[in-house]
Amino acid sequence: MKKYFMGIKWLDAFHPVIHLKDYSSHSEEDVLIPDSWETEKLKSKICSGAVNPLTREHFSCNKLIEENQTQCYSCMHKFDFYNCVRCHGNDCMAKDSDVISYCNTPHYVYFVYFSRDRIKVGTASEVRKYNRLLEQGAIFSAFIAKTPTGKIARQIEKNIIDSGISGAVTTSFKMKNLIFTESSEEIRERLLKTYQIASKYIDEENR
């Protein structure tokens, strides 16, 4: 029995599950992560589908894609959320009504601690704020702002990035820095100090 590995999802903060798609029937399921399982790299790769950012409804897709892709062109453009990914809170480029409604829900700005020299800033919607941290691989993190819209959250994020805080961390860096030698209290103080410095760069209307 062959199944595509579509990714890992979180039921809650303590229970990750594997999202699988059957190779033949294309039916999908979530299963608790077993102690061991066999994997094989197939020549074909299947589209991950699309997710409505507002309702979180998942739209399955059975199209085969290139190795460097995660979605086919149709699923990538089913919702124009890709415009939000590049947004810094200036002119809104989104056209889809659900994407716009999603942006007009409460959002958070957060810091994630990856090493003594690397703290990342990011944004997340209120409904996904904990899942987003888990997806980032966060072990230590802090929410530093709650905003009424995603646009304001991205404005704050851009201000903080301009202050010198990273907005992205590679997977290889995360894997090389899984072990922390500093104490939880030291990390907490580092996050607090970073916030105190970065907050000086936030535009006055958002401070």
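Along the sequence shown, residues are numbered consecutively beginning with 1. Side chains included, hydrogens not; waters and symmetry mates left out as well; all remaining heavy atoms used.
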Donor + acceptor pair across side chains of Ser163, Lys200 (<3.5 Å): no

Salt-bridge contact Lys158-Asp162 (side-chain N to carboxylate O under 4.0 Å): yes

Common cluster, Tyr113/Tyr195, ILVMFWY with side-chain heavy-atom separation under 4.5 Å: yes

Pairs satisfying salt bridge (charged side-chain N to carboxylate O under 4.0 Å, His left out), at least one member in residues 59-71, at least two apart: Lys41-Glu67

hydrophobic_cluster_shared for Ile139 and Ile144, side chain cutoff 4.5 Å: yes

Test item: Asp203 side-chain N/O and Asn206 main-chain N/O as donor-acceptor pair under 3.5 Å: no

Phe114 with Ile165, same ILVMFWY side-chain cluster at under 4.5 Å: no

Phe59 CZ: over 12 foreign heavy atoms closer than 6.0 Å: yes

Same apolar cluster (I L V M F W Y, side chains within < 4.5 Å links), Ile161/Ile202: yes

cation_pi(Lys129, Tyr108) dist<6.0 Å, angle<=45: yes

Passing candidate, ring-ring contact (aromatic ring centres under 6.0 Å, His included) with Phe140, options Phe111, Tyr110, Phe180: Phe180

CG on Asn104 to CD1 on Ile152, rounded to 0.5 Å: 9.5 Å

Within-4.5 Å side-chain heavy-atom neighbours: Phe173 and Ser115: yes

Gap separating the CG atom of Asp30 from the CE atom of Met6, nearest 0.5 angstrom: 11.0 Å

Ile197 CD1 to Leu192 CG distance, which is reported to the nearest 0.5 Å: 10.0 Å

Point-to-point distance, once rounded to the nearest 0.5 Å, from NZ of Lys3 to OG of Ser24: 9.0 Å

Distance-only side-chain donor-acceptor flag, His19 / Glu28, under 3.5 Å: yes

Sub-4.5 Å side-chain heavy-atom contact between Glu40 and Lys2: yes

Note, Asn62 side chain near Ile46 side chain (heavy atom, < 4.5 Å): yes

Taking every non-hydrogen atom, the tightest pair across Ile156 and Ala145: CD1-CB, 4.4 Å

Flag if over 12 foreign heavy atoms under 6.0 Å of OH, Tyr4: yes

Between Thr105 and Glu126, a side-chain donor and acceptor under 3.5 Å: no

Closest contact, heavy atoms only, Ile33 versus Ile18: CG1-CG1, 3.6 Å

Student check: side-chain heavy atoms of Trp37 and Thr39 closer than 4.5 Å: yes

Pair His107 + Phe143: ring centers closer than 6.0 Å: no

Stepwise side chain to side chain contact (heavy atoms under 4.5 Å, CB included) check, Arg116 with Glu182: CA-CA 8 Å; Arg116 292 181 184 273; Glu182 54 270 49; 3.4 Å; yes

Nearest heavy atoms of Val31 and Glu29, plus distance in Å: CG1-OE1, 3.7 Å

Atom pair CD (Glu189) and OG (Ser184), whose distance is rounded to the nearest 0.5 Å: 12.0 Å

Basic-acidic side-chain contact under 4.0 Å: Asp80, Lys95: no

Non-hydrogen atoms of Cys47 and Ile65 that approach each other most closely: CA-CD1, 3.8 Å

Expected output: side-chain Arg190 to main-chain Ile119 donor-acceptor under 3.5 Å: no

same_hphob_cluster(Ile160, Tyr201) at 4.5 Å side-chain heavy-atom cutoff: no

Glu57 vs Val51, side chain to side chain contact (heavy atoms under 4.5 Å, CB included): CA-CA, chis, key distance, verdict: CA-CA 6 Å; Glu57 180 183 3; Val51 176; over 6 Å; no

Heavy-atom check, side chain of Lys45 versus side chain of Leu64, under 4.5 Å: no

Cys61 vs Gln71, side chain to side chain contact (heavy atoms under 4.5 Å, CB included): CA-CA, chis, key distance, verdict: CA-CA 9 Å; Cys61 178; Gln71 293 173 295; over 6 Å; no

Where Cys75 and Ala50 come nearest, the two heavy atoms and their spacing: O-CB, 3.7 Å

Cys92 vs Lys151 side-chain heavy atoms within contact, under 4.5 Å: no

Fellow cluster residues of Met76, listed by chain then number, with links counted only when side-chain atoms sit under 4.5 Å apart: none

Trace of the side chain to side chain contact (heavy atoms under 4.5 Å, CB included) decision for Val169 with Arg118: CA-CA 8 Å; Val169 177; Arg118 187 69 59 88; 3.8 Å; yes

Lys21 vs Ser60, side chain to side chain donor-acceptor pair (under 3.5 Å): CA-CA, chis, key distance, verdict: CA-CA 10 Å; Lys21 173 176 284 194; Ser60 183; 2.9 Å; yes

pair Asn83-Cys87: side-chain heavy atoms closer than 4.5 Å: no

Distance in Å, Phe81 CZ paired with Asp98 CG, rounded so as to fall on 0.5 Å steps: 12.5 Å

Heavy-atom pair with the smallest gap, counting every atom of Ser101 and Leu54: CB-CD2, 3.8 Å

Residue pairs involving residues 133-142 (criterion side-chain hydrogen bond (donor to acceptor under 3.5 Å, both in side chains); sequence neighbours excluded): Lys120-Gln136, Arg128-Glu135, Arg132-Glu135

